[in-house]
S.K.: 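First the structure, which I've put down as structure tokens, then a few questions once you've had a look.
Here, residue 1 is the first one in the sequence, and each next residue gets the next number.
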Amino acid sequence: MLKVGSDFSGVGAFNQALTRLGVEYQEIFACDMDKYARQTFIHNYGEPKYYPTNVYDREIPLESLDIYMTSPPCQAFSLAGKRLGKDDKRGILFFNSYEFIQKNNPRFFIFENVKGLLSDDGGNTFSEWVNLLGGKSINGLPILFPYDNALPYHLYWQVLNAKHHGVPQNRERVFLIGIRDDKDNNFRFPVEEHLSKRLKDVLEEEVDDKYFLSEKMIEYISSTGTKTFYYKPEFLSNETEFAKPITTAQDKRAGTTNYLKIKSATSKGYEEAREGDSINFSVPNSETRRGRVGKGVAQTLDTGCNQGVMVGDYRKDEGFRWREDGNSPCLHTQLKDIDFNEKRGQSAIYINNEYRIRRLTPRECFRLMDFPDTFTWTVSDSQAYKQAGNSIVVRVLEKIIKNLLQI
């Protein structure tokens, strides 16, 4: 039975990965200071025998662990933060984890952090981490002149993106894997796989109205202030300013294409969001923000879930009606039952045909972190969003541990 322990344990992505692998483990300790994360952790796994709140106060067990998992708060090194690095007291938490490894001498350790760590202080911060943790070798290359206080471990590091490992979220994180010098140090990071699951595959079927953005908010993030629908001009006798040619082969086959223009600092001034795409609406008045639209995948989840998805809102029972004025602001995408030869000379409008933007739900966020639906919580939505955004994608961690244990 593996002896494991974790700092900054959050809501137990480490536990989820071990359980999914069918690994029997004894949790020597977990540690987290956030009372709501602790509440969710206990709700799902029970309370660990030793569950301190502060990494500075917790005792370091004398017996070496098999796996030590740590994920020091990323704010100190995040591209979205103030980039204070070691000048931020949270950045010093790395050295607390370093001290744990130095004293406990675990068989393996796993560090996880944001990609921004690599460029903090011009790369000096990450270089220091690597040189202190990998005293024997780094990514398979022997260290001839290690730091005096370097740990006797073989270190492997790599940036992994969740969307390359079966999860529809564009989430890059750096992982550092340490293997004690007396163990087989032949480690390989998991190979990338084709992404078959899309954002739409994790969406809930029924969602409360409270998650939908108001029309005012949609207008605020849209470059036109209104929903824009394009359709094939041959369907109409009189082309209007709304009727524009379809440019892609896929859209020609489909017959129509519907999208919203989302404000973005691109050359066109907007990005196109279609049904099933994610839309980031944080800092909506920014004139430099781009990459707001995720094409079929979620963007990196944050702690506030400033991210939504474009969904259809069809009320099919009201059907089509035909207008004689030749002005059609929109045309429904499902046209298989319409005889356009019979109706040529008129234009069609689908009543209440619209796309809406809604915020991702907490359940959807946890699905995007690859937590199963058996994982539950009793905290508020705001805390659930925070817990999902602060966690680690289970699938990625599972694949790392599988290769580490060679199972």
S.K.: Could you go through the side-chain contact (heavy atoms from CB on, under 4.5 Å) check for Asn403 and Ile177 one step at a time?
M.R.: CA-CA 11 Å; Asn403 287 6; Ile177 312 301; over 6 Å; no
S.K.: For residues Thr378 and Gln39, is any side-chain donor paired with an opposing acceptor at under 3.5 Å?
M.R.: yes
S.K.: Shortest non-hydrogen contact from Cys305 to Leu360?
M.R.: SG-O, 3.7 Å
S.K.: Tell me the closest heavy-atom pair linking His165 and Leu160, and the distance in Å.
M.R.: NE2-CD2, 4.0 Å
S.K.: Could you tell me whether the side chain of Tyr270 and the main chain of Leu260 form a donor-acceptor pair under 3.5 Å?
M.R.: no
S.K.: When rounded to the nearest 0.5 angstrom, what distance separates CD1 in Ile110 from OG1 in Thr70?
M.R.: 10.5 Å
S.K.: In the structure I gave you, are the side-chain heavy atoms of Tyr153 and Leu133 within less than 4.5 Å of one another anywhere?
M.R.: no
S.K.: Taking all heavy atoms of Ala17 and all of Val394, pick out the closest pair and write down the distance.
M.R.: N-CG1, 3.9 Å
S.K.: How many angstroms lie between atom CG of Leu18 and atom CD of Glu24, to the nearest 0.5 angstrom?
M.R.: 11.5 Å
S.K.: Between Asn44 and Thr40, what is the shortest heavy-atom contact and its length?
M.R.: ND2-O, 2.9 Å
S.K.: Looking at every non-hydrogen atom in both residues, tell me the closest pair between Leu2 and Arg107 and how far apart they are.
M.R.: CD2-NH1, 4.4 Å
S.K.: Rounded to the nearest 0.5 Å, what's the gap from CG on Asp370 to OG on Ser391? Could you check?
M.R.: 10.5 Å
S.K.: Just how far is it from atom CE of Met69 to atom CD1 of Ile400, taken to the nearest 0.5 Å?
M.R.: 8.0 Å
S.K.: Give the intermediate values and the outcome of side-chain contact (heavy atoms from CB on, under 4.5 Å) for residues Leu195 and Arg198.
M.R.: CA-CA 8 Å; Leu195 181 62; Arg198 311 301 290 177; 3.7 Å; yes
S.K.: Considering only heavy atoms from C-beta outward, does the side chain of Ile67 approach that of Pro106 to under 4.5 Å?
M.R.: no
S.K.: Between Tyr25 and Thr19, is there a side-chain heavy-atom distance shorter than 4.5 Å?
M.R.: yes
S.K.: Is the closest side-chain heavy-atom distance between Asn96 and Arg58 below 4.5 Å?
M.R.: yes
S.K.: Going by an N to O cut-off under 4.0 Å, is there a salt bridge joining Arg173 and Glu112?
M.R.: yes
S.K.: What about the rings of Tyr45 and Tyr51, do their centers lie closer together than 6.0 Å?
M.R.: no
S.K.: For Arg20, is there an ion pair with Glu398 - N to carboxylate O distance below 4.0 angstrom?
M.R.: yes
S.K.: Using side-chain heavy atoms (C-beta onward) and a distance below 4.5 Å, is Phe111 in contact with Pro72?
M.R.: yes
S.K.: For Phe41 and Gly10, which heavy atoms make the closest approach, and how far apart are they?
M.R.: CD1-O, 3.6 Å
S.K.: What I want to check is whether the side chains of Ser382 and Ser380 have a donor and an acceptor closer together than 3.5 Å.
M.R.: yes
S.K.: Side chains of Asn105 and Tyr68 only: does a donor on one sit below 3.5 Å from an acceptor on the other?
M.R.: no
S.K.: Does any N or O in the side chain of Ser278 come within less than 3.5 Å of the main-chain N or O of Val297, such that one atom is a donor and the other an acceptor?
M.R.: yes
S.K.: How long is the gap from CG on Leu118 to OG1 on Thr125, to the nearest 0.5 Å?
M.R.: 10.5 Å
S.K.: With a cut-off of 6.0 Å (strictly less than), are more than 12 heavy atoms of other residues, nucleotides or ligands near OH of Tyr211?
M.R.: yes
S.K.: Could you tell me if the side chain of Phe126 sits less than 4.5 Å from the side chain of Asp120, heavy atoms only?
M.R.: no
S.K.: Would you mind reporting whether Asp7 and Phe29 have side-chain heavy atoms less than 4.5 Å apart?
M.R.: yes
S.K.: With side-chain contact (heavy atoms from CB on, under 4.5 Å) as the criterion, how do Val311 and Phe212 come out once you've worked through the C-alpha distance, each side chain's angles and the decisive distance to 0.1 Å?
M.R.: CA-CA 10 Å; Val311 295; Phe212 285 84; 3.9 Å; yes
S.K.: If we count only N and O atoms by modelled type, under 3.5 Å, do the side chains of Asn161 and Asn170 hold a donor and an acceptor together?
M.R.: yes
S.K.: Is there a donor-acceptor pair under 3.5 Å between the side chain of Arg290 and the backbone N or O of Ala265?
M.R.: yes
S.K.: So do Phe187 and Leu404 actually touch side chain to side chain, heavy atoms under 4.5 Å?
M.R.: yes
S.K.: Kindly assign one of parallel, tilted or perpendicular to the pair Phe94 and Trp129, based on the angle between their ring planes and the thresholds 30° and 60°.
M.R.: parallel
S.K.: On the 0 to 90° scale, with breaks at 30° and 60°, tag the Phe375-Trp377 ring pair as parallel, tilted or perpendicular.
M.R.: tilted
S.K.: Could you check Asp302, Thr303, Asp34, Asp381 and say which one makes a side-chain hydrogen bond (donor to acceptor under 3.5 Å, both in side chains) with Lys386?
M.R.: Asp34
S.K.: Under the 3.5 angstrom rule, does the side chain of Asp66 hit a backbone N or O of Val4 as a donor-acceptor pair?
M.R.: no
S.K.: Does NZ belonging to Lys200 count more than 12 external heavy atoms closer than 6.0 Å?
M.R.: no
S.K.: At what distance, to the nearest 0.5 angstrom, does CG of Leu65 lie from CG of Asn104?
M.R.: 4.0 Å
S.K.: Any donor and acceptor pair, going by atom type alone, linking the side chain of Glu271 with main-chain N or O of Arg292 inside 3.5 Å?
M.R.: yes
